[in-house]
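Just so we're on the same page: letters track the sequence lines, and every chain starts at 1.
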Protein chains: 2
Amino acid sequence: MSPRTSAAGSLQKSAPVFSALGDETRLRLIALLCAGGALSIAQLTAGTDITRQAVTKHLQVLADAGLVRDLWQGRERLWEFEAGRLDEARRSLDTIAQQWDRALARLKARLED
Amino acid sequence: MSPRTSAAGSLQKSAPVFSALGDETRLRLIALLCAGGALSIAQLTAGTDITRQAVTKHLQVLADAGLVRDLWQGRERLWEFEAGRLDEARRSLDTIAQQWDRALARLKARLED
DNA sequence: GCGTACAGCAACCAATTGGTTGCATATCCG
DNA sequence: CGGATATGCAACCAATTGGTTGCTGTACGC
């Protein structure tokens, strides 16, 4: 990768996380899980207009992205939020924003030159 | 929307932004545009293994999400980064993280009770 | 032990996505 | 003017996605 895209390397790792977050249903699941504790699939499905299987698939996508973790308890499969990858993604956005700010500062400096 | 998902409302608005960011090619474009100034489609295509049209489509996706803006200059169509929506998304992730931290704190308090 | 609630698996479907190719259009420059 | 450059538009394609239905398995509680 060329030098001028040095920041891109670490950025690209976050693509799967952003992709997982890029769906209203999944964002809702994330909001539920990070607010409450661990919830079952049935609980997460209640009140929605989609099927339990659809919710299961969404949870799987979130799990693949490392955003949630599942744990079995009896016949229930509980899902809980996992903060690690989301923090990474958050830092990625921070990096972009900082880079943008620096670019603006450089532009301003050149104009005032 | 139920009270316990109050944070979800503002979150959902960010879904299109996250969706747009959920692709390595588009993340690369964002990195390029927010580092440098305005770049043409030809410039953004150079060095990649995809077609100019593919890049155009990706830029359109980013534009629909409000992450980039285009401006014509002669026969060139220049694209530049636009920080607004990305900042919103950044705050969304911050909100989730804060909510999670509070949940952890409540859990900890209950355990130490 | 038996019904009920929680879940998995697989097949299937329509719509979207990421990408291509071919051709037309407009602008710059010698 | 005429060629090279920068782009748009449309059709087309395969793969992925978001969702469903039908059936099976398993743990809980009366």
Side-chain angles (χ1 to χ4, degrees), chain A residues 8 11-33 36-81 85, chain B residues 8 11-33 36-80:
Chain A
L11 240 188
Q12 315 253 339
K13 284 193 319 182
S14 297
V17 178
F18 289 132
S19 180
L21 293 175
D23 179 282
E24 292 199 8
T25 301
R26 287 194 292 266
L27 276 184
R28 180 186 151 276
L29 292 174
I30 288 286
L32 281 175
L33 291 179
L39 297 175
S40 72
I41 299 178
Q43 286 175 316
L44 291 169
T45 305
T48 71
D49 53 350
I50 59 175
T51 323
R52 171 179 59 89
Q53 279 81 355
V55 173
T56 298
K57 284 192 182 181
H58 281 300
L59 288 168
Q60 193 55 54
V61 172
L62 290 172
D64 288 345
L67 289 170
V68 299
R69 185 194 318 140
D70 69 310
L71 47 109
W72 280 90
Q73 190 167 296
R75 67 180 159 180
E76 283 187 327
R77 187 183 188 180
L78 300 181
W79 292 85
E80 58 184 12
F81 178 64
R85 292 289 171 79
Chain B
L11 239 188
Q12 314 253 340
K13 283 193 321 181
S14 298
V17 178
F18 289 132
S19 180
L21 293 174
D23 179 282
E24 293 199 8
T25 301
R26 287 195 290 266
L27 276 184
R28 179 186 151 277
L29 292 175
I30 288 285
L32 282 175
L33 291 180
L39 297 175
S40 72
I41 299 177
Q43 286 175 316
L44 291 169
T45 304
T48 71
D49 53 350
I50 59 176
T51 323
R52 170 180 60 88
Q53 278 81 355
V55 173
T56 298
K57 284 192 181 181
H58 281 298
L59 287 168
Q60 193 55 55
V61 172
L62 290 173
D64 288 344
L67 289 170
V68 299
R69 185 194 319 139
D70 70 309
L71 48 110
W72 281 90
Q73 188 167 299
R75 66 179 160 181
E76 283 185 329
R77 186 182 189 181
L78 300 181
W79 293 85
E80 58 184 11

Rounded to the nearest angstrom, tell me the gap between atom [atom1] in [X] and atom [atom2] in [N].
X: B/Lys57; N: C/dT20; atom1: NZ; atom2: P; result: 9 Å
X: B/Arg52; N: D/dG8; atom1: CZ; atom2: C1'; result: 7 Å
X: B/Gln43; N: D/dT5; atom1: CD; atom2: P; result: 15 Å
X: B/Gln60; N: C/dT16; atom1: CD; atom2: P; result: 16 Å
X: A/Gln73; N: D/dC28; atom1: CD; atom2: C1'; result: 13 Å
X: B/Trp72; N: C/dA26; atom1: CH2; atom2: P; result: 11 Å
X: B/Leu59; N: C/dG18; atom1: CG; atom2: P; result: 13 Å
X: A/Leu44; N: C/dA7; atom1: CG; atom2: P; result: 9 Å

Closest non-hydrogen atom pair, B/Leu59 against B/Val68: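 So the minimum-distance heavy-atom pair works out to O-CG2, 3.8 Å.
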Is there a donor and acceptor pair, one atom on the side chain of A/Arg75 and one on the base of C/dA5, closer than 3.5 Å?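 By the distance-only test, yes, there is a pair.
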Using only heavy-atom distances, decide whether a donor-acceptor pair under 3.5 angstrom links the side-chain of B/Gln53 to the base of C/dG22.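 Between C/dG22 and B/Gln53, which were checked side chain against base, a qualifying N/O pair under 3.5 Å is present.
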Applying a 4.0 Å non-hydrogen cut-off, can you work out what A/Asp70 is touching in the nucleic acid: base, sugar-phosphate, or nothing?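 No contact.
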Hey, does A/Ala42 reach any base, or is it just sugar-phosphate, or nothing, if we go heavy atoms under 4.0 Å?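 If one applies the 4.0 Å heavy-atom cut-off, A/Ala42 turns out to touch the sugar-phosphate alone, with no base involved.
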pair A/Leu33-A/Trp79: side-chain heavy atoms closer than 4.5 Å: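 Counting from C-beta outward, A/Leu33 and A/Trp79 do come under 4.5 Å.
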With a 4.5 Å heavy-atom cut-off, do B/Gln43 and B/Leu32 have their side chains touching?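 Contact flag for B/Gln43/B/Leu32 side chains = no.
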Picking from B/Val17, B/Leu21, B/Asp23, what satisfies side chain to side chain contact (heavy atoms under 4.5 Å, CB included) with A/Phe18?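 The passing option is B/Leu21.
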In terms of the nearest nucleotide of DNA chain D, which residue is placed more toward the 5' end: A/Thr25 or B/Leu78?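 On the 5' side of the pair lies B/Leu78.
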Any sub-3.5 Å donor-acceptor pair from A/Arg26's side-chain atoms to A/Ala20's backbone N or O?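 Yes, A/Arg26 side chain to A/Ala20 backbone: donor-acceptor pair under 3.5 Å.
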Under 4.0 Å between a side-chain N or O of B/His58 and OP1 or OP2 of C/dT17?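 No, because none of the side-chain N or O atoms of B/His58 sits under 4.0 Å from OP1 or OP2 of C/dT17.
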Any B/Thr56 side-chain N or O less than 4.0 Å from OP1/OP2 of D/dG8: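 So the side chain of B/Thr56 is within the cut-off, an N or O lying under 4.0 Å from OP1 or OP2 of D/dG8.
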